**Q** 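Shown below is the structure under consideration.
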Amino acid sequence: MQNTSRDDRILAETRWLAALVIPFLLVAFGILYFFPQDTGRLFAWKIQPGMSAMMLGAAYAGGIYFFCGVLLSKQWHRIKAGILPVTTFATLLGIATILHWDRFNHSSLAFFAWASLYFTTPFLVLGVWFRNRVHDPLEPEPNDQELPGWLRLLIGLVGAFTLTLSILLFLSPTLMIGLWPWTLTPLTSRVMSAMFGLPGVVNLGIAFDRRWSAARTILQSQGFSILLILIAVARSWKDFQLSNLQTWLFIGGLSGLLVGICALTLWMETRIPGKAVDKQIG
């Protein structure tokens, strides 16, 4: 008997959660990306140097893109690949907050918003994933394209590497502080862990789902975030240790990922039959 629950719909609570989170992300993005030197006054704690603040802001911008996709999409499978990565991101930041409690400005409204977000979001996001996942039809939609096996393997390997880096940043901050291309503290090392953990889980999720339609939205949000990080690199050039090989590996790696996401998107979109017809008509 066919499972009629697999109707690919996005539940109302999933949309409500997205609508609730977006305003927090918008405010945090505005502060961190455009006023990175004023985090001591405007944010939950003082983040130094500015590159760390702007990179976190860029991650929030990617989150805004993704959660807007949740509100606009009509199909669960198109946005499901971002839910568990967001859970990972929020969980790591929540744990980092507890471990570095003394670093935060507990009297500020920004800290109240930060703590409220990261002490509740991991449970809320995981909850909507559990509730909504049974509606995934598990099959490609009409005119969908499937990611080739070799490409999924490559994406999975990149995800495994990124997730390993995330684990090292969280569990061995002293080691990673000595290797990182700009100055980190134990707290910002663990914040970086959350930012690398998110795309690591994204890539592993894509590797296990052959549908291009399931990867499109989260990859676009990831590409948008990477673009903003690279702009932040240019704005914070003085924060980088230019004699450190990791500086060039960081910049080169992100640039390669951005080019790869753009190339993959262009390649997969032009393979969709409906898109090809529209292009010929146009």
Side-chain angles (χ1 to χ4, degrees), residues 1-26 29 59-90 117 120-147 151-152 155 198-199 201-225 227 261-262 264-282:
M1 182 180 295
Q2 184 179 7
N3 188 347
T4 57
S5 70
R6 296 197 177 276
D7 52 12
D8 211 13
R9 66 189 175 104
I10 300 175
L11 298 178
E13 52 264 43
T14 304
R15 298 188 190 277
W16 293 340
L17 182 61
L20 176 66
V21 168
I22 287 173
F24 285 94
L25 299 182
L26 280 168
F29 167 65
Y60 286 144
I64 294 166
Y65 189 105
F66 170 72
F67 281 112
C68 285
V70 173
L71 292 178
L72 296 173
S73 181
K74 297 180 180 178
Q75 297 158 290
W76 161 252
H77 86 274
R78 285 177 170 259
I79 54 93
K80 72 159 193 173
I83 301 297
L84 288 182
V86 170
T87 304
T88 302
F89 176 82
L117 191 65
T120 60
T121 303
F123 304 102
L124 295 174
V125 177
L126 188 60
V128 299
W129 179 80
F130 270 114
R131 287 265 298 147
N132 220 142
R133 69 191 178 96
V134 297
H135 293 275
D136 188 349
L138 303 176
E139 295 294 334
E141 61 186 62
N143 291 331
D144 204 350
Q145 291 295 309
E146 296 188 10
L147 294 165
L151 183 58
R152 290 164 54 204
I155 292 172
L198 191 153
V201 178
V202 164
N203 286 9
L204 290 176
I206 292 173
F208 284 99
D209 193 323
R210 67 189 188 278
R211 297 168 292 184
W212 167 242
S213 58
R216 182 191 290 115
T217 297
I218 192 62
L219 278 181
Q220 288 174 351
S221 68
Q222 190 173 326
F224 180 49
S225 181
L227 175 62
I261 290 171
C262 292
L264 173 60
T265 300
L266 180 62
W267 181 51
M268 294 303 298
E269 289 295 306
T270 55
R271 294 178 66 196
I272 297 174
K275 295 289 182 71
V277 171
D278 291 344
K279 185 176 180 181
Q280 291 174 4
I281 294 175

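Source: prediction; values computed, not measured.
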**Q** Among residues two or more places apart or on two chains, list those pairs meeting salt bridge (Lys or Arg N to Asp or Glu O under 4.0 Å) that have a residue in residues 14-25.
**A**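 Counting only pairs at least two positions apart or across chains, no salt bridge (Lys or Arg N to Asp or Glu O under 4.0 Å) contact touches residues 14-25.
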**Q** Rounded at 0.5 Å granularity, tell me how far CG in L11 sits from CG in L17.
**A**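 It comes to 12.0 Å.
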**Q** So does H135 get a backbone contact from the side chain of R6, meaning a donor-acceptor N/O pair under 3.5 Å?
**A**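 Side chain of R6 to backbone of H135, a donor-acceptor pair under 3.5 Å: no, none is there.
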**Q** Using the side-chain contact (heavy atoms from CB on, under 4.5 Å) definition, which of the options V21, L20, L72, I79 pairs with F67?
**A**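 So the option named by the test is V21.
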**Q** For the atom pair CG (L204) and CG (D209), what is the distance rounded to the nearest 0.5 Å?
**A**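 The CG atom of D209 is 13.0 Å from CG of L204, to the nearest 0.5 Å.
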**Q** Does the S225 side chain pair with the main chain of S221, one donor and one acceptor, at a distance under 3.5 Å?
**A**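 Looks like no, no N/O pair under 3.5 Å.
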**Q** Looking at OG1 of T87 and CG of L124, how far apart are the two atoms once the value is rounded to the nearest 0.5 Å?
**A**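 It is 9.5 Å, given to the nearest 0.5 Å.
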**Q** Any side-chain heavy-atom pair from F24 and I64 closer than 4.5 angstrom?
**A**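 SC-SC contact between F24 and I64 ruled out.
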**Q** Kindly assign one of parallel, tilted or perpendicular to the pair Y65 and F224, based on the angle between their ring planes and the thresholds 30° and 60°.
**A**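 The arrangement is tilted - the two ring planes meet at 30° to 60°.
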**Q** Give the minimum heavy-atom separation between A207 and R152, together with the two atoms involved.
**A**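 That closest heavy-atom pairing would be O-NE, 3.0 Å.
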**Q** Is there a side-chain contact between I10 and S73 in this structure, where contact means two heavy atoms from C-beta onward sitting under 4.5 Å apart?
**A**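 Yes. Closest side-chain heavy atoms under 4.5 Å.
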**Q** Side chains of W267 and L151: closer than 4.5 Å at any heavy-atom pair?
**A**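 Yes, at least one pair of side-chain atoms sits under 4.5 Å.
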**Q** Backbone N or O of P137 within a donor-acceptor pair of the D8 side chain at under 3.5 Å?
**A**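 Side chain of D8 to backbone of P137, a donor-acceptor pair under 3.5 Å: no, none is there.
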**Q** If you round to the nearest 0.5 Å, how far is CZ of R131 from CD of E13?
**A**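 One gets 4.5 Å once the value is rounded to the nearest 0.5 Å.
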**Q** List the atom of E146, the atom of M268, and the distance in Å for their closest heavy-atom pair.
**A**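 Heavy-atom minimum between the residues: O-CE, 3.9 Å.
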**Q** Would you mind reporting whether F89 and V202 have side-chain heavy atoms less than 4.5 Å apart?
**A**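 In short, these two side chains do not touch, never coming nearer than 4.5 Å.
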**Q** State, yes or no, whether a side-chain contact exists between Q222 and F66 at a heavy-atom distance under 4.5 Å.
**A**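 A side-chain contact under 4.5 Å is absent here.
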**Q** Got a donor-acceptor contact below 3.5 angstrom from the N132 side chain to the R9 backbone?
**A**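 Checked: pair present.
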**Q** Between CG of L266 and CZ of R271, what distance do you get to the nearest 0.5 Å?
**A**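 Spacing of CG (L266) from CZ (R271) equals 12.0 Å.
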**Q** Looking at every non-hydrogen atom in both residues, tell me the closest pair between V128 and W76 and how far apart they are.
**A**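 It is O-CH2, 4.5 Å.
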**Q** Taking all atoms of both residues into account, what is the closest heavy-atom pair of G82 and I218, and its distance?
**A**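 That closest heavy-atom pairing would be CA-CD1, 3.7 Å.
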**Q** To check you understand the geometry: which heavy-atom pair defines the closest contact between P23 and A19, and what is its length?
**A**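 Shortest heavy-atom contact: CD-O, 3.1 Å.
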**Q** What's the shortest heavy-atom distance between L25 and G63, and which atoms?
**A**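 In terms of heavy atoms, the two residues are closest at CD1-C, 3.7 Å.
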**Q** Is there a side-chain contact between K80 and R133 (heavy atoms, below 4.5 Å)?
**A**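 Of all side-chain heavy-atom pairs linking R133 with K80, none is under 4.5 Å.
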**Q** Check step by step if side-chain contact (heavy atoms from CB on, under 4.5 Å) holds for L219 and W212.
**A** CA-CA 10 Å; L219 278 181; W212 167 242; 3.8 Å; yes
**Q** Indicate yes or no: at least one non-hydrogen side-chain atom of L126 is less than 4.5 angstrom from one of L84.
**A**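 Contact flag for L126/L84 side chains = yes.
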**Q** So do the side chains of T14 and V70 get within less than 4.5 Å of each other, counting heavy atoms only?
**A**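 Yes, side chains in contact.
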